[in-house]
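Throughout, a chain's letter reflects where its sequence line sits, starting with A, and its residues are numbered from 1.
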There are 2 protein chains.
Amino acid sequence: MEEKETLNIENSRSQMRRGLLEFCTLAVISKEEMYASDILEALKVADLIVVEGTLYPLLSRLKGEGLLKYAWVESSAGPPRKYYSLTPKGREFLDKLKVTWKALNRSIDSLVK
Amino acid sequence: MEEKETLNIENSRSQMRRGLLEFCTLAVISKEEMYASDILEALKVADLIVVEGTLYPLLSRLKGEGLLKYAWVESSAGPPRKYYSLTPKGREFLDKLKVTWKALNRSIDSLVK
DNA sequence: ACTTACTACCTTGTTCCGCAAGGTAGTAGG
DNA sequence: CCTACTACCTTGCGGAACAAGGTAGTAAGT
């Protein structure tokens with residue numbers, strides 16, 4: 001029963017990352033059109049572990065909300081890929097999230113300092 | 001169907017705050033013993049909206065994990081209050097979360113910049 | 001040309017957690 | 001004594017991350 005404790009910090013870390021995924025996903029796509037594997041890689045480099053089962057539904061949701069669009073692009077090796085990019089609405093949304101992020105940052109720093 | 005969009009940014013903001021609540025709650029309690037209303041107030045001041053229905057289960061969970069303890073203190077006006085404080089284990093845990101927070105911060109800044 | 005490996009898409013079921021709403025009980029004041 | 005207030009807590013719901021599993025197109029070896 002006590003070995004849960006070592007897992008616990010990991011759980012808390014996941015919780016922290018949670019909710020930032022949407023923001024980060026939009027942020028990486030805003031720099032460059034990407035398909036799912038690119039996005040996973042970009043997030044992984046920034047230590048934000050995500051798995052396919054999380055990303056695909058997220059991308060679908062963001063597309064459904066009109067924040068993202070995609071284009072099929074044939075790959076030289078393998079099946080075709082969906083390359084995602086931001087819609088104008090997606091860019092506006094990302095800008096708002098950036099503001100939110102900055103504010104949240106200040107709030108938390110004031111609590112933690 | 002389209003009026004969801006105005007709600008959407010609020011939803012995303014909540015998602016961002018999510019996962020940071022545990023961290024912030026421990027952080028405010030670490031500065032000073034507090035009971036639930038104090039904690040709610042402290043978080044509200046930092047623009048982290050939380051409600052009772054969120055906080056009570058969280059406090060119970062953290063107590064169950066041995067990160068918090070509490071002492072009953074009689075109030076001059078009203079029912080007695082549970083004043084929470086961090087256990088030694090809670091302090092260690094909070095320190096780890098601070099490190100996590102800093103790292104997360106850097107990661108996200110690198111994605112967003 | 002057929003089988004194997006690989007890549008890329010997506011779905012299902014579980015679990016966790018925040019939240020809205022509602023519920024209990026002790027204290028104080030008219 | 002009864003109404004208002006404060007402080008505790010629980011229940012039911014919904015959203016989202018994740019693990020695991022599933023489909024299908026392409027390529028490469030024999």
Dump the pairs, protein N or O against N or O of nucleotides 8-17 of chain D, anything under 3.5 Å, distances to one decimal.
unit_1: D:dC8; atom_1: OP1; unit_2: B:Lys82; atom_2: N; d: 2.9
unit_1: D:dC8; atom_1: OP2; unit_2: B:Tyr56; atom_2: OH; d: 2.6
unit_1: D:dC8; atom_1: O5'; unit_2: B:Tyr56; atom_2: OH; d: 3.3
unit_1: D:dC8; atom_1: N4; unit_2: B:Glu52; atom_2: OE1; d: 3.2
unit_1: D:dC9; atom_1: OP1; unit_2: B:Lys82; atom_2: NZ; d: 2.1
unit_1: D:dC9; atom_1: N4; unit_2: B:Glu52; atom_2: OE1; d: 3.3
unit_1: D:dA17; atom_1: O4'; unit_2: A:Arg18; atom_2: NH2; d: 3.3

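- Taking atom CG of residue B:Leu40 and atom P of nucleotide D:dT6, one finds them 14 Å apart after rounding to whole Å.
- If you take CD of A:Glu74 and P of C:dA8, they are 14 Å apart, rounded to a whole angstrom.
- Between A:Glu92 and A:Lys96 there is no salt bridge, since no side-chain nitrogen of the basic residue lies less than 4.0 Å from a carboxylate oxygen of the acidic one.
- The shortest heavy-atom contact between B:Val28 and B:Ala42 is CG1-CB, 4.2 Å.
- To the nearest 0.5 Å, atom CG of residue A:Leu68 and atom CG of residue A:Leu58 are 8.0 Å apart.
- No side-chain heavy atom of A:Asp47 sits under 4.5 Å from any side-chain heavy atom of B:Leu104.
- At a threshold of 4.0 Å, the pair A:Arg13-A:Glu10 counts as salt-bridged, since one of the basic side-chain nitrogens sits closer than that to a carboxylate oxygen.
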